[in-house]
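Sequence lines set the chain letters: A, B, ... in the order given, protein chains first and strands last, and positions in each chain run from 1.
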Amino acid sequence: MKFEKEDLVKLYRNLVRTRAFDEAAVRWLAQGKLLAFYHPAQGGEAPGVGGCTFLRDDDIVYPHLRGHGLPHMIGKGISPKLYLAEHCGKATGAAGGMGGFHSVFPEKGALGAGGTIGSCFPVSVGWALAAKKNGRGQVVVCFFGDGSANRGTWHEAANMAALWKLPVVWVCENNGVAQFVPIEDAYPLEDLSNLASAFGMPAVVVDGQDVMAVAEAVTAAVERAREGKGPSFVECKTARFGPHGIGNPDKVHGKDRDPRQIEELKRRDPVALFRSRLLEQGVLTEEDAERISREAEAEVAETEAFIDQSPFPDDPGMLDRALYAE
Amino acid sequence: MKFEKEDLVKLYRNLVRTRAFDEAAVRWLAQGKLLAFYHPAQGGEAPGVGGCTFLRDDDIVYPHLRGHGLPHMIGKGISPKLYLAEHCGKATGAAGGMGGFHSVFPEKGALGAGGTIGSCFPVSVGWALAAKKNGRGQVVVCFFGDGSANRGTWHEAANMAALWKLPVVWVCENNGVAQFVPIEDAYPLEDLSNLASAFGMPAVVVDGQDVMAVAEAVTAAVERAREGKGPSFVECKTARFGPHGIGNPDKVHGKDRDPRQIEELKRRDPVALFRSRLLEQGVLTEEDAERISREAEAEVAETEAFIDQSPFPDDPGMLDRALYAE
Amino acid sequence: MRELMYLQAINEALAEELERDEKVFLIGEGVQTGTFGTTTGLVDRFGPERIMDSPLSETAIAGVAVGASMLGYRPVADLMFADFMYVCADEIFLKAAQWRFMHGGLQTLPCVFMANIGAYRKLGNEHSQCPFSLVLRSPGLKLAAPSDPYDAKGLLKTAIRDNNPVVYFFHKGLLGMSGPVPEEDYTIPFGQAVVRREGDDVTVVAPSFMGFWAIAAAEELKDRFSVEVIDPRTLEPLDLDTILVSVRKTGHLVILDEDTERCGFAAELAMQVMEKAFDDLDAPIKRVCAANYPIPGGVMEKYVIPQPEQVMAAIEEVMA
Amino acid sequence: MRELMYLQAINEALAEELERDEKVFLIGEGVQTGTFGTTTGLVDRFGPERIMDSPLSETAIAGVAVGASMLGYRPVADLMFADFMYVCADEIFLKAAQWRFMHGGLQTLPCVFMANIGAYRKLGNEHSQCPFSLVLRSPGLKLAAPSDPYDAKGLLKTAIRDNNPVVYFFHKGLLGMSGPVPEEDYTIPFGQAVVRREGDDVTVVAPSFMGFWAIAAAEELKDRFSVEVIDPRTLEPLDLDTILVSVRKTGHLVILDEDTERCGFAAELAMQVMEKAFDDLDAPIKRVCAANYPIPGGVMEKYVIPQPEQVMAAIEEVMA
Ligand SMILES: Cc1ncc(C[n+]2csc(CCOP(=O)(O)OP(=O)(O)O)c2C)c(N)n1
Ligand SMILES: Cc1ncc(C[n+]2csc(CCOP(=O)(O)OP(=O)(O)O)c2C)c(N)n1
Ligand SMILES: [Mg+2]
Ligand SMILES: [Mg+2]
C-alpha cells in the first residue's frame with residue numbers, strides 16, 4: 001500500500017488522540033471518574049493505531065487490553081466518547097453504563113472483547129469463519145499481547161484458521177512483559193512469530209514503535225487475507241512505559257523494573273518518533289502538529305464535559321433486556 | 001543405545017503380548033465381560049511398546065488411549081492382569097473395580113490417565129516439574145494422538161516444558177485420523193512435529209510401524225531429557241487398522257474408510273514387520289516366535305481365568321475411601 | 001402418527017432447520033459421520049461447508065459458535081459429551097452466556113451447544129455427567145433437556161430459532177427410544193413443562209431420563225398413591241407455575257435429578273417451591289440425585305447415580 | 001495480640017508452610033511480585049524455584065498442581081481471579097477433583113488452588129465472581145473461604161497440609177482488613193463453623209465477605225431481633241451440625257451467598273436444613289444471593305450483588 005499524505009496525517013492524528021485520551025483516562029481514574037481499573041496504552045499505541053487505521057469499516061477488530069482498546073477503536077474510526085462514557089459508568093455509555101470497560105460499535109466492526117486474556121483467539125476464529133462464509137471480503141484483525149500468546153486458546157484458533165484459510169490477521173503486541181512477568185520467563189524463543197511456523201502461517205516481525213511499519217505489515221496481511229489466502233502473523237515489538245495497570249507496582253521478579261530500561265524504552269516513544277519523522281519529511285509543520293494536539297485536547301475536553309453531564313444508569317429493567325434477546 | 005539380543009526379544013515379546021491382549025479385550029467386550037467401551041490398539045502398538053520398553057521403572061508414562069494404554073503398560077513392564085480385571089469391573093482390578101478403564105501402578109510409573117483427550121499435556125508437565133525438582137533423573141514420556149495435538153493444552157504445556165527445560169518427551173502416535181476426522185482435515189501441515197518448532201524443541205519423525213525405530217528415537221530423547229537438556233518431540237507415523245472404538249463405524253466424512261487404504265496399512269503390521277526382521281536377522285527362530293505367541297496366549301488365558309473368578313465389587317464404603325485421602 | 005427414534009428426531013430437526021435457514025450450520029468433531037447418529041447423513045444433503053468436521057478443539061468449536069453467531073449465523077456446536085464442556089468452559093460460561101449482557105444487550109448470539117448427557121452405561125466420570133447446574137449457574141444460557149423423540153425434535157428446532165445461546169442436552173439412555181413425531185413442522189416453546197401423568201397425592205418433577213423412573217415408580221405405586229409426574233422440558237426458562245399448581249394440589253414434592261446432588265437443580269427447585277408455596281407443603285421436599293461423588297466406572301456406578309428403588313422410597317417417605 | 005491484614009495473614013501462612021515443608025511450592029502468574037500482595041516478598045526468602053512465576057497459562061499452572069502433587073509435592077497454584085477457573089476447568093473440576101477417585105483412591109493430590117473472589121469493585125463479570133457452587137458441584141475438592149485474617153492464615157495452613165485438592169477463596173473486599181493473628185503456629189480444622197454472634201430469634205449463615213453484612217444487620221436490628229450469625233468457614237466439608245443446632249434454637253434461617261443464586265450454596269444449604277430440620281422451621285428459609293444475571297460493570301452492579309438492605313429485609317421477612 002502506498003500511503004498518501006492524508007493517510008500519514010490521519011495516522012499521526014490517531015496516535016495523538018490515543019495518547020491524549022489515554023492520559024485522560026489515567027487522570028479520570030485517579031479522580032474516581034473512570035471506574036474499576038485501567039491499563040494504559042502509553043508506549044504501546046502504535047500496533048493498535050497502525051493496525052486499525054486503514055481497515056475497512058466492516059473489517060472486525062478484537063482489541064488488545066492496552067488502553068482497554070483505545071488505540072484500536074480510535075484507529076477504527078470510533079469516537080472514544082461513548083466508550084469512555086461507558087467506562088465512567090454513565091447511562092450515555094456504549095453499553096448503557098452496564099458494560100464497565102466493555103463496549104461495542106458493530107457498525108464499525110467493534111463487536112466487543114472479553115476479560116479473560118486469550119479468549120480473543122477462539123472468538124476471532126468464529127468471526128473469521130462468518131466472514132469467510134458471507135463472502136463480503138471482511139477481514140478480522142485480532143490484537144493480543146505476548147502474555148496472551150501463552151494461552152492454549154491460541155493453538156486451537158490458529159490451527160483452525162490456518163486449516164480453513166480464514167481471513168484473520170494475528171497482531172501480537174509484544175511489549176516484552178505480561179503484567180509482572182518478562183517474556184524471557186514466559187517463552188523460550190526470541191520471537192513470538194515462531195508460533196506461526198507450527199501452522200505454516202506467514203509471519204513478520206516489525207518495529208512496533210514505528211506506526212508506519214505496523215500499518216504496512218498489517219495492511220499487507222489484511223490484503224492477503226482478503227484475497228482468500230488465509231491468516232498471517234504480525235509481531236510488533238513494542239513497549240509498556242508504566243506499570244501494567246494503574247495501582248500495580250511496576251515490578252518484575254518482585255523488583256522494580258530497571259529505570260534505565262524504561263528510560264531506554266521511552267526514548268522510542270511512538271508518538272514522538274512519528275512526529276519527528278513527519279516533520280522531517282515535511283508532511284507536517286510544527287503548526288500542524290500543534291493544531292492536531294490542540295484538537296485532540298479539545299476532543300478530550302468535550303468528551304469529559306459530556307461524561308460529566310451524563311447521569312448514571314438507574315433502571316434495573318436494563319438487566320432483563322440485556323440478559324436475553326427476544 | 002545399542003540393543004542387545006535380549007532387548008530385541010523383549011521388544012518383540014511385548015508387541016506380541018500387546019496384540020494378544022488387545023484381541024482378547026475386543027473379544028471380551030463383545031461378550032459383555034469387558035465393560036463400557038474399547039478402542040483397540042491394533043496397527044498402532046509400536047509407539048507405546050517401543051517407547052516404553054526401555055524406560056526406567058521410575059520413569060513416568062502418560063499412556064495414549066489406544067488399547068486404553070495396553071501398549072504402554074506392557075512396555076513399562078506392568079502385567080495387564082490387574083488392569084484388565086479393572087476394565088472388566090472386578091473387585092480384584094487395579095482400582096478395586098471402580099476405575100473402569102482407569103488404573104494406576106505407581107511403582108512402575110503409571111500414575112493414571114484422564115478421559116478428556118489432551119488433558120495429558122498439563123498433567124505431564126506437572127509430573128515433569130516434580131521430576132526435575134526431585135533430581136532423581138526421572139523422565140516423563142507423554143503419548144498422544146494426532147487428534148490430541150489439536151487441543152490447546154498442548155501449547156501451554158509444551159511452552160512451559162521448553163521454557164523450564166523439563167524432562168519430558170512428547171511422543172505423538174500419528175495414525176492419520178482422530179475418530180472420524182482425517183488429519184488433513186485437522187492440521188494444515190504434513191508433519192505434526194512442526195508443532196515443536198514453535199518452542200524450539202528438537203523433533204524427529206519416525207516410522208511408527210517400526211518398533212525399533214520408535215525405541216531408538218524415544219531412547220535418544222529420553223537420554224537428552226535425563227541429562228537436563230529439556231523436552232523433545234517424537235512423531236511416529238502409525239496406523240489404525242479398525243474403527244476408532246468397537247461399535248463405531250469406520251468412517252471419515254460420513255463414508256467408509258477406503259478398504260484399499262486399510263489393506264495398505266495392514267501390509268505394514270508392526271508385529272509382522274518386526275517378526276520377519278528378527279527372523280531374517282537370526283535373532284529369533286520360527287520356534288522362538290511361536291513359543292512367544294503361545295506364552296502370550298497362555299498369559300491371556302490365565303488373565304481371563306483370574307477375571308472370571310473375581311467378584312464384582314459391592315462395598316459402597318469404597319466411595320468414601322476413594323473420594324478423599326486422610 | 002409415524003414413530004421415530006430420539007436420535008432420528010434430533011437428526012430430522014437439524015435437517016429441517018438447515019433446510020429452512022441457510023444461516024444454520026453444524027460444527028463438531030466428526031459430525032459428518034456422527035458419534036451418536038444424531039448428525040449422520042446430513043453432510044450428504046448439506047455438504048461439508050454446513051456440516052463442518054472440525055479438529056479436536058472444543059475451545060475453538062465453541063469459539064466459532066460464539067463468534068459466528070454475532071455475525072448473523074446460527075451455529076450448532078456439537079460438543080459430543082457434555083463432560084467436555086469443561087474443556088471449553090470459558091467460551092460457554094463466560095463468553096456465550098455473558099457476551100450480550102456485558103456489552104449492554106446490543107448483540108444477539110443465536111447459537112446452540114448440543115451435548116450428550118447421562119450415566120447408566122458404566123462409562124466413568126468423564127463420559128457420564130449430567131451437568132445441569134453447571135449450565136444453570138450461568139444466567140445468559142438457556143437449557144433444554146428433552147425426554148422423548150417428540151420433544152427432542154421440537155425443542156431443538158426452538159433452540160436453533162432462539163436468539164440466545166441454548167444448551168441442548170440429549171440423553172444417551174434415550175437415543176434409541178421410539179415415539180410419535182409428526183411430519184409437519186412444529187416447535188415446542190421454551191418454559192412449558194408438561195404433566196406426563198396426572199395424580200393427586202404427590203408431585204414428582206423429573207427432567208430428561210429421570211422421567212422414566214418417575215413413570216415407572218408411579219405405576220408401581222399406583223394402588224397406594226396417585227402420583228403426578230412433571231417433565232420441565234427446559235430448565236431455563238423453568239415453568240415454575242405448572243409445578244406450583246401441582247404442588248398446591250398434592251402438598252408433596254419429590255424432585256429427581258441425575259446431576260450431582262450438591263448445588264443441583266433439585267435443591268434450586270426445592271428452594272423456589274419453598275419460597276412460593278411453603279404453606280402448601282405437607283411434608284419436606286425430597287430429592288433423588290446423583291450422590292456427591294464423581295461417577296465411578298464399572299458396577300459401582302449404581303451406588304452413585306439415582307436408582308429406581310430410591311425414587312419409590314422417596315415417594316413413600318414424602319407420603320409417610 | 002498483634003494485628004495483621006488479611007493479605008498479610010495469607011502471606012504469612014504461605015511463608016510458614018514454605019519454611020516448614022520443602023515440598024511446598026507456589027506457582028502462578030507474577031507471584032514473585034504479587035497481584036494482591038498475598039505472595040509479595042516470598043521470592044526473596046524462598047527463591048524463584050519455589051516461588052515460580054509462570055507463563056500466562058492457567059491450564060498448565062493447574063496441570064502442574066495436579067501432576068506435581070501426585071509425586072509428593074504440595075503445590076499452591078495461584079489463579080489470581082476465581083473467574084479464571086473457567087479457563088482451566090478440566091484441570092480443576094475433572095482432573096484435580098476426580099483423579100484419585102477414578103483411579104481407586106490409591107493416590108493423594110495435596111494441592112491448593114488459591115483465587116480471589118468477590119464483587120463490589122465494579123470490575124465486571126469476569127473479575128467479580130464468587131463461584132462457590134462451581135466448586136461444590138465437584139466432589140473431590142474441598143473449599144475454604146476465610147472471612148478474617150485469623151481464619152485466612154489458619155485455613156490456608158490447613159489447606160496446604162491437607163492431602164486433597166483444596167480450593168481456597170480469598171475475598172477482594174477483605175484484603176486490607178486488620179485483625180488479631182497469633183504469632184504461634186496454628187491451624188483451623190476444616191468443617192468447623194464459627195458462631196460470630198449469638199442470638200435467639202433468627203440464624204444467619206454468611207460465608208466470606210457476607211459475614212460483614214450479617215453482623216451489620218444484626219447490629220442494626222438488635223432492638224427488634226436477636227440474630228445469630230454463623231460463618232461456615234469451609235463449605236466442603238460443611239459443618240451442618242452447628243447450623244442445625246442454631247436453627248433448632250431460632251426456628252428461622254436466612255442464608256447469604258455472594259454467588260449467583262441459581263443452584264447456589266444457599267439453595268443447597270436450605271435443602272439440607274429442610275431435610276434435617278423441617279419441623280423446626282417456623283418460617284420458610286430466605287436466601288440473599290447475587291441475582292440471576294452476570295455481574296454488570298459499573299454502578300448497575302448494585303442491582304445484582306447482595307446489598308445490606310436486602311439482608312435486613314430478609315431477616316424482617318423471615319421473622320414476620
Ligand atoms: C485468563 C486470564 N489470566 C490472567 C489475567 C490477568 N491479566 C490481565 S492482563 C495480563 C497480562 C497480559 O499480558 P500481555 O498479553 O503481554 O499484554 P500486555 O498487558 O503486556 O499488553 C494478565 C496476567 C486475565 N485477565 N485473564
Ligand atoms: C476433550 C475430548 N474431546 C473429544 C473426545 C472424544 N474422543 C476420544 S478419542 C478421540 C479421537 C482421538 O484422536 P487421536 O488423538 O488422533 O487418537 P487416536 O484415537 O487416533 O489414536 C475423540 C474425538 C474426548 N475423549 N475428549
Ligand atoms: Mg505484554
Ligand atoms: Mg489419531
Side-chain angles (χ1 to χ4, degrees), chain B residues 58 60 62 82 86 93-106 110-116 118-134 136 138 140 151-161 163-164 166 313 318-326, chain D residues 22-23 25 27 48-50 52-75 77 87-111 138-142 162-166 190 236-237:
Chain B
D58 66 346
I60 300 167
Y62 200 117
L82 303 189
E86 184 59 45
M98 55 179 288
F101 51 100
H102 298 287
S103 293
V104 292
F105 301 91
L111 305 183
T116 47
S119 57
C120 52
F121 304 117
V123 174
S124 291
V125 161
W127 292 339
L129 179 65
K132 180 171 179 174
K133 279 184 183 287
N134 74 23
R136 294 192 212 123
Q138 289 166 286
V140 175
R151 284 285 320 283
T153 45
W154 155 259
H155 178 77
E156 297 197 9
N159 182 47
M160 206 178 254
L163 183 69
W164 293 341
L166 300 183
M318 289 171 67
L319 298 174
D320 279 331
R321 292 195 297 276
L323 187 61
Y324 291 112
E326 292 282 291
Chain D
E22 59 172 23
K23 295 291 191 182
F25 69 91
I27 181 168
E49 310 258 291
R50 296 187 66 204
M52 303 183 74
D53 268 3
S54 85
L56 206 164
S57 302
E58 284 79 6
T59 300
I61 293 168
V64 160
V66 172
S69 69
M70 278 185 237
L71 289 171
Y73 286 89
R74 294 187 171 271
V87 313
C88 49
D90 184 16
E91 282 60 40
I92 297 179
F93 302 111
L94 301 185
K95 299 299 163 295
Q98 308 195 342
W99 195 279
R100 169 186 164 85
F101 186 90
M102 75 179 176
H103 293 98
L106 301 173
Q107 294 145 300
T108 55
L109 282 80
C111 52
S138 282
L141 299 172
K142 297 185 176 181
D162 198 286
N163 281 327
N164 297 285
V166 178
F190 281 5
E236 167 57 33

Q.
I'd like to know whether B:H102 forms a side-chain contact (heavy atoms from CB on, under 4.5 Å) with D:W99, so could you lay out the CA-CA distance, the side-chain angles of the two residues, the decisive distance to 0.1 Å, and finally the verdict.
A. CA-CA 9 Å; B:H102 298 287; D:W99 195 279; over 6 Å; no

Q.
Let's go through B:T153 and D:E91 carefully: what are the C-alpha distance in whole Å and the side-chain angles of both, what is the deciding distance for side-chain contact (heavy atoms from CB on, under 4.5 Å) to 0.1 Å, and is it a yes or a no?
A. CA-CA 10 Å; B:T153 45; D:E91 282 60 40; 4.1 Å; yes

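Heavy atoms closer than 4.5 Å to chain B are found in the side chain of D:E236, but not in its backbone. Using a 4.5 Å cut-off between heavy atoms, B:A161 makes no contact with chain D at all. Interface remark: B:E86 contributes no atoms to any contact with chain D (heavy atom separation under 4.5 Å). Of the atoms belonging to B:L323, heavy atoms from both backbone and side chain fall under 4.5 Å from chain D. Residue contact with chain B, scored on non-hydrogen atoms closer than 4.5 Å, is absent for D:S69. Contact annotation for B:L319: both backbone and side-chain heavy atoms come within less than 4.5 Å of a heavy atom of chain D. Only the side chain of D:M70 comes within less than 4.5 Å of a heavy atom of chain B; its backbone N, CA, C and O stay farther away. Using a 4.5 Å cut-off between heavy atoms, D:Q98 makes no contact with chain B at all.
Residues D:K95 and B:G114 approach most closely at CE-CA, 3.9 Å, considering heavy atoms. Between D:A60 and B:A157, the shortest heavy-atom distance links the atoms CB-N, 4.4 Å. Contact detail for D:N163 and B:E326: the closest heavy-atom pair is ND2-O, 3.1 Å. The nearest pair of heavy atoms linking D:Q107 to B:L111 is NE2-O, 2.8 Å.
Note on D:T108, D:L106, D:D162, D:L109: by heavy-atom pairs under 4.5 Å with chain B, the leading option is D:L106. Among D:A65, D:G63, D:G104, the residue making the largest number of heavy-atom pairs under 4.5 Å with chain B is D:G63. Note on B:A94, B:P122, B:P106: by heavy-atom pairs under 4.5 Å with chain D, the leading option is B:P122. Ranked by heavy-atom pairs under 4.5 Å with chain D, the list B:N159, B:L129, B:T116 is led by B:T116.
Of the inter-residue distances, the one linking B:M160 atom CE with D:I27 atom CD1 reads 4.5 Å to the nearest 0.5 angstrom.
In terms of modelled atom types and a separation under 3.5 Å, the side chain of B:Y324 and the main chain of D:L141 share a donor-acceptor contact. Although no hydrogens or angles enter the test, the distance criterion places no donor-acceptor pair under 3.5 Å between the side chain of D:H103 and the main chain of B:F105. A donor-acceptor distance shorter than 3.5 angstrom exists from the side chain of D:Y73 to the backbone of B:N134, with no hydrogens or angles considered. Listed for the B:K133 side chain is no donor-acceptor partner under 3.5 Å among the backbone atoms of D:R50.
Contact check for B:L163 versus D:P55: side-chain heavy atoms found under the 4.5 Å cut-off.
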